[in-house]
Amino acid sequence: MESLQKKSDTGLDENKQWMSQLPEHLWDIPLYNISIPGSHDSMSYCLDKMSPLEPELPILLSVLDKLVPCLARATILRWAKTQVLNVTQQLNAGVRYLDLRIAHRPDDPSPALYFAHGLFTHITVKDMPTLRLMWNMGYQVILSYDDTMAQFYDFLWPSVPYWWADTTSVSTLIHYLEERKQEGRPGGFFVAGLNLTENFWYIVTHPFGSMKNMTIPKLPVMYLWVQNQNPGKSRHATNIIAEDLIGSDCFVSAVIHLNTKLTGERSSSS
């Protein structure tokens, strides 16, 4: 983790301003036709090992937590932690899509909201910059909310489709994403989730495993898939591509580099 931290403070910052450095002929292309790197479960780097379990976890994990809480908590944390860089480091690395999962924490009677993925974070949503603050600082933010209530708020965009393979197999993951591409991309923003997902039985059969140990050996295959993608408005194009463990490979740079294939693109109004 220390080596990754050092890498994030040096080489990863080279993509900090990548959107402003895009060539002028891409400035009028809709953002949903641009290749954008994203992070999956962006806030999982600060999960609280002592927090209650997220209610959506399998019942068997909840039972295990009651029987051997020390073992269960350590195991759940290893699999739930999909990122090691904090949000600022992810943004400096070039990430421009954040996957934020917000929920009330059962052991906190206040109306405070936390981030969740298996466990809950130790920081609240209030500890994050507000939209008003970011707007006042000149930042541009698109906030999509995965709920029908988004239609009642002018500042919320509707849900952004996320292609999720729900598998531990990298070959199955790639096959799933290719099948979705053949069906045709959505008209607006969408995410190709280049992330693996464990289930209860996989965890049980890999008692000393972790999300990191499962993912790292398969990153080269994922990287090759990224290199073969094409952004733009074609039926089989990709838009946002999200991955776990930002900073562990050249994923962000590879996704950004795909925009060099847009030399023939023009704005939708031309």
Side-chain angles (χ1 to χ4, degrees), residues 18-19 22 25-43 56 82-83 90-91 94-102 117 131 140-167 169-197 221-244 246 251-270:
W18 72 266
M19 295 193 94
L22 288 174
H25 71 272
L26 299 182
W27 293 355
D28 296 317
I29 292 178
L31 288 174
Y32 48 77
N33 290 340
I34 296 287
S35 183
I36 300 173
S39 62
H40 170 244
D41 278 308
S42 308
M43 295 298 297
E56 287 75 16
T82 65
Q83 304 296 339
Q90 291 178 40
L91 291 172
V95 166
R96 292 298 178 267
Y97 167 87
L98 298 174
D99 174 24
L100 307 176
R101 308 189 182 192
I102 299 172
H117 185 226
L131 276 178
Q140 297 177 353
V141 180
I142 295 176
L143 183 60
S144 167
Y145 189 49
D146 190 13
D147 194 279
T148 55
M149 69 178 297
Q151 62 185 310
F152 301 112
Y153 298 90
D154 292 338
F155 61 89
L156 290 177
W157 284 49
S159 174
V160 173
Y162 193 107
W163 292 353
W164 178 46
D166 190 13
T167 180
S169 165
V170 68
S171 59
T172 302
L173 167 64
I174 299 302
H175 179 72
Y176 167 82
L177 293 177
E178 287 300 316
E179 281 192 332
R180 294 303 303 266
K181 284 171 55 183
Q182 292 305 312
E183 295 170 4
R185 57 158 295 165
F189 290 106
F190 73 101
V191 184
L194 200 60
N195 55 280
L196 299 171
T197 304
V221 177
M222 298 181 190
Y223 180 73
L224 287 176
W225 182 84
V226 169
Q227 290 181 306
N228 290 323
Q229 303 315 301
N230 294 279
K233 55 188 177 183
S234 73
R235 174 179 171 83
H236 306 305
T238 53
N239 174 213
I240 302 166
I241 305 178
E243 189 182 65
D244 291 327
I246 295 296
F251 164 78
V252 173
S253 294
V255 175
I256 295 171
H257 185 72
L258 293 178
N259 290 307
T260 61
K261 301 181 180 182
L262 289 172
T263 53
E265 291 281 329
R266 292 294 181 267
S267 69
S268 57
S269 60
S270 61

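For an aromatic pair to be called close, the ring centres must be under 6.0 Å apart, and Tyr176 with Trp164 fails this.
The side-chain heavy atoms of Met222 and Leu196, taken from C-beta on, include a pair separated by under 4.5 Å. The side-chain heavy atoms of His40 and Tyr162, taken from C-beta on, include a pair separated by under 4.5 Å. Considering only heavy atoms from C-beta on, Val226 comes within 4.5 Å of Leu194 through its side chain. The shortest distance between side-chain heavy atoms of Gln182 and His236 falls below 4.5 Å. Contact annotation: the side chain of Tyr145 never approaches that of Leu143 to less than 4.5 Å [non-hydrogen atoms, C-beta and beyond]. Taking 4.5 Å as the limit, some side-chain heavy atom of Ile241 sits within range of a side-chain heavy atom of Phe251. Taking 4.5 Å as the limit, every side-chain heavy atom of Leu98 sits out of range of all side-chain heavy atoms of Met43. Side-chain contact between Thr167 and Thr197 is absent, with no heavy atoms from C-beta onward closer than 4.5 Å.
The shortest heavy-atom contact between Val160 and Phe190 is CG1-CA, 3.6 Å. Taking all atoms of both residues into account, the shortest heavy-atom contact from Ser159 to Ser144 is CA-OG, 3.5 Å. What you find for Val255 and Ile36 is that their closest heavy atoms are CG1-C, 3.5 Å. Contact record, Tyr223 with Ala254: CE1-CB, 3.4 Å, taken as the closest heavy-atom pair. Nearest heavy-atom pair across Gly232 and Ala237 is O-CB, 3.3 Å. Here the closest heavy-atom approach between residue Arg101 and residue Asp41 is recorded as NE-OD1, 2.8 Å.
In this structure, Trp27 contributes its side chain and Leu22 its backbone to a donor-acceptor pair below 3.5 Å. Asn239 contributes no side-chain N or O that, together with a main-chain N or O of Pro186, makes up a donor-acceptor pair within less than 3.5 Å. The main-chain N or O of Thr148 is found under 3.5 Å from a side-chain atom of Gln151 such that the two form a donor-acceptor pair. Checked by atom type and distance alone, the side chain of Gln90 pairs as donor or acceptor with a backbone atom of Ser42 at under 3.5 Å. With hydrogens and angles disregarded, a donor-acceptor distance shorter than 3.5 Å links the side chain of Arg235 to the backbone of Glu183. Between the Arg180 side chain and the Trp163 main chain, no donor and acceptor come within less than 3.5 Å of each other. Not one N or O on the side chain of Asn195 forms a donor-acceptor pair closer than 3.5 Å with the backbone of Glu243. Put simply, the side chain of Thr82 never gets that close to the backbone of Asp244: no donor and acceptor are under 3.5 Å apart.
The CG atom of Leu156 lies 12.5 Å from the CD1 atom of Ile142; values are rounded to the nearest 0.5 Å. The distance from atom NZ of Lys261 to atom CG of Leu258, rounded to the nearest 0.5 Å, is 5.5 Å. Atoms CG and CZ, from Asn33 and Phe189 in turn, are 9.5 Å apart once rounded to the nearest 0.5 Å. Taken to the nearest 0.5 Å, the CD1 atom of Ile34 stands 13.5 Å off from the CZ atom of Arg96. The OG1 atom of Thr172 sits 11.0 Å away from the CG atom of Asp166 when rounded to the nearest 0.5 Å. Rounding to the nearest 0.5 Å places CG of Leu31 at 9.0 Å from CD of Gln140.
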Assess whether side-chain contact (heavy atoms from CB on, under 4.5 Å) is satisfied between Ser35 and Gln229, documenting all intermediate values. CA-CA 9 Å; Ser35 183; Gln229 303 315 301; over 6 Å; no
Tell me, with the steps shown, if Val191 and Tyr97 meet side-chain contact (heavy atoms from CB on, under 4.5 Å). CA-CA 9 Å; Val191 184; Tyr97 167 87; 3.6 Å; yes
What verdict does the side-chain contact (heavy atoms from CB on, under 4.5 Å) test give for Lys233 and Tyr32, after you've listed the backbone C-alpha separation in whole Å, the side-chain angles of each residue and the deciding distance to 0.1 Å? CA-CA 8 Å; Lys233 55 188 177 183; Tyr32 48 77; over 6 Å; no
Can you check side-chain contact (heavy atoms from CB on, under 4.5 Å) on Asn230 and Thr238, steps first, answer last? CA-CA 6 Å; Asn230 294 279; Thr238 53; 5.9 Å; no
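For CG of Asp146, the number of neighbouring non-hydrogen atoms (other residues, nucleotides, ligands) closer than 6.0 Å is 12 at most.
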